[in-house]
2 protein chains.
Amino acid sequence: MPPKQAPFNLERFFQALGDHTRLRLLNLMGDQEICVCYFVEILDAPQPKISRHLAYLRNAGIVAARRDGKWMHYRIVTPPNEAAAQILKQTLASLQQEKAMQADLCRLTKACCTPAKFLSLQGAPPPTAISPSHNSASR
Amino acid sequence: MPPKQAPFNLERFFQALGDHTRLRLLNLMGDQEICVCYFVEILDAPQPKISRHLAYLRNAGIVAARRDGKWMHYRIVTPPNEAAAQILKQTLASLQQEKAMQADLCRLTKACCTPAKFLSLQGAPPPTAISPSHNSASR
DNA sequence: GAATTATATTCGTCTTGACGAATATGTAAA
DNA sequence: TTTACATATTCGTCAAGACGAATATAATTC
């Protein structure tokens, strides 16, 4: 049988939001689908660390992953729990108010506009906006 | 110098919400001020466990305590962070939908109506409703 | 098919936090 | 002032999780 995605759990959801790195990742995703290498570049953190936090978010039912050749794209998905969905939305809005989070997004924009300056992103697929209805939990 | 209440921290806030016992405590408080012995009775848990979780919630800036003779009363306070305040509100509303949380509240009501049947609550001050403007963080 | 690239997982270590048991503190009552 | 009561804190243990380092996997390119 397949790995069996655990049913949505509110405590797990909160635990997932209780970490700075994961909040930064969520802030970067916003309504975009982003490839792992971008997270690594923008957060300036080791790749295994990024992957582990993304896995945690996926287990908590907050993000979903899509494979695209060598690359993996992550995006935020709307949790099945209605309150959690609202909370996630408010959290993202609140993060955007923080200076450090704005700086992260700023660096992301810069990386997208002038990818030539970021050698680790050569050939990497840039983030793409996702339509609000796209967020079903496909793993 | 005094113990120095740490400034409000969003990660800490989420970590505080990421525990079942603490969610039960918050659900019981709702808009009432409740004495520790009631938590112990309703959750049927060891008193030190209850006290530790209440301390955690207090450190996270989610509840405040008031001493009243031998008793300590706890109540929910509105976090200074606007998003956190909203999130807390939604979380409480969401908890009320859960059957187990309703059962907790049900037992609390029963204990208040017929305290004679709960020998651990003899002489304990019953929960009291708090006015919505009362929730400033007095420790 | 071997080398490369992108990402995931494992391992060892350390910190945080949850728990029960025991003990300390703070207040009131005797 | 002892005693009892309500609550808080400490201690030892254990599990979860965060991290860097190393390694494994999966897809692509040569």
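Letters A, B, ... are given to chains in the order of the sequence lines, protein chains preceding strands, and every chain is numbered from 1.
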Inset, instruction - Return the 5'-most residue of the pair Thr21(A), Pro48(A) with respect to DNA chain D, ranking by each residue's nearest nucleotide. - result: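 The residue mapped nearer the 5' terminus is Thr21(A).
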Inset, instruction - Tell me which of Pro46(A) and Ala124(B) sits closer to the 5' end of DNA chain D, going by the nucleotide each one is nearest to. - result: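 Whichever sits nearer the 5' end wins; that is Ala124(B).
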Rounded to whole Å, how long is the line connecting atom [atom1] of [X] with atom [atom2] of [N]?
| X | N | atom1 | atom2 | value |
| --- | --- | --- | --- | --- |
| Leu57(A) | dA8(C) | CG | C1' | 15 Å |
| Lys70(A) | dC30(D) | NZ | P | 9 Å |
| Met72(B) | dC5(D) | CE | C1' | 15 Å |
| Gln47(A) | dA24(D) | CD | P | 15 Å |
| Asn59(B) | dT9(D) | CG | P | 9 Å |
| His73(B) | dA8(D) | NE2 | P | 11 Å |
| Arg66(B) | dT27(C) | CZ | C1' | 15 Å |
| Leu43(B) | dC19(C) | CG | P | 11 Å |

Legend entry - Check: dA16(D) base within 3.5 Å donor-acceptor of Gln15(A) side chain: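 Absent.
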Legend entry - Identified side chain to side chain contact (heavy atoms under 4.5 Å, CB included) counterpart of Tyr74(B) within the set Arg66(B), Gln32(B), Glu33(B), Arg58(B):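 With Tyr74(B) as partner, Arg66(B), Gln32(B), Glu33(B), Arg58(B) yield a single side chain to side chain contact (heavy atoms under 4.5 Å, CB included), made by Arg58(B).
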[N] OP1/OP2 closer than 4.0 Å to side-chain N/O of [X]:
| X | N | value |
| --- | --- | --- |
| Arg67(A) | dT28(D) | no |
| His53(A) | dC19(D) | yes |
| Arg58(A) | dT7(C) | no |

Inset, instruction - Just call it for Arg52(A): base, sugar-phosphate, or nothing, with non-hydrogen atoms closer than 4.0 Å on any strand. - result: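 It contacts base atoms.
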Inset, instruction - Using a heavy-atom cut-off of under 4.0 Å over every strand shown, decide if Tyr74(B) touches base, sugar-phosphate, or nothing. - result: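 It contacts sugar-phosphate atoms only.
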Is any side-chain heavy atom of [X] less than 4.5 Å from a side-chain heavy atom of [Y]?
| X | Y | result |
| --- | --- | --- |
| Leu92(A) | Ile76(A) | yes |
| Ile34(A) | Leu25(A) | no |
| Ile62(A) | Leu17(A) | yes |

Inset, instruction - Using heavy atoms to find the nearest nucleotide of DNA chain C for Lys49(A) and Gln122(A) separately, return the residue whose nucleotide is more 5′. - result: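 It is Gln122(A), whose closest nucleotide lies nearer the 5' terminus.
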Legend entry - Pairing pattern in dot-bracket form [Watson-Crick, G-U; both distances under 3.5 Å; | = partner strand] for DNA chain D: ||||||||||||||||||||||||||||||
Inset, instruction - For atom CD of Gln102(B), decide whether the heavy atoms of other residues, nucleotides or ligands shown that lie under 6.0 angstrom number more than 12. - result: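 Yes, enclosed.
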Legend entry - Distance-only polar pair, side chains of Ser51(A) and Gln47(A), donor-acceptor under 3.5 Å: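 Gln47(A) and Ser51(A) do have a side-chain donor-acceptor pair below 3.5 Å.
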Inset, instruction - For residues 20-30 of chain B, pull every pair meeting side-chain hydrogen bond (donor to acceptor under 3.5 Å, both in side chains), keeping only residues two or more places apart or in separate chains. - result: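 Qualifying pairs: Glu11(A)-His20(B), Arg22(B)-His53(B), Arg24(B)-Asp104(B).
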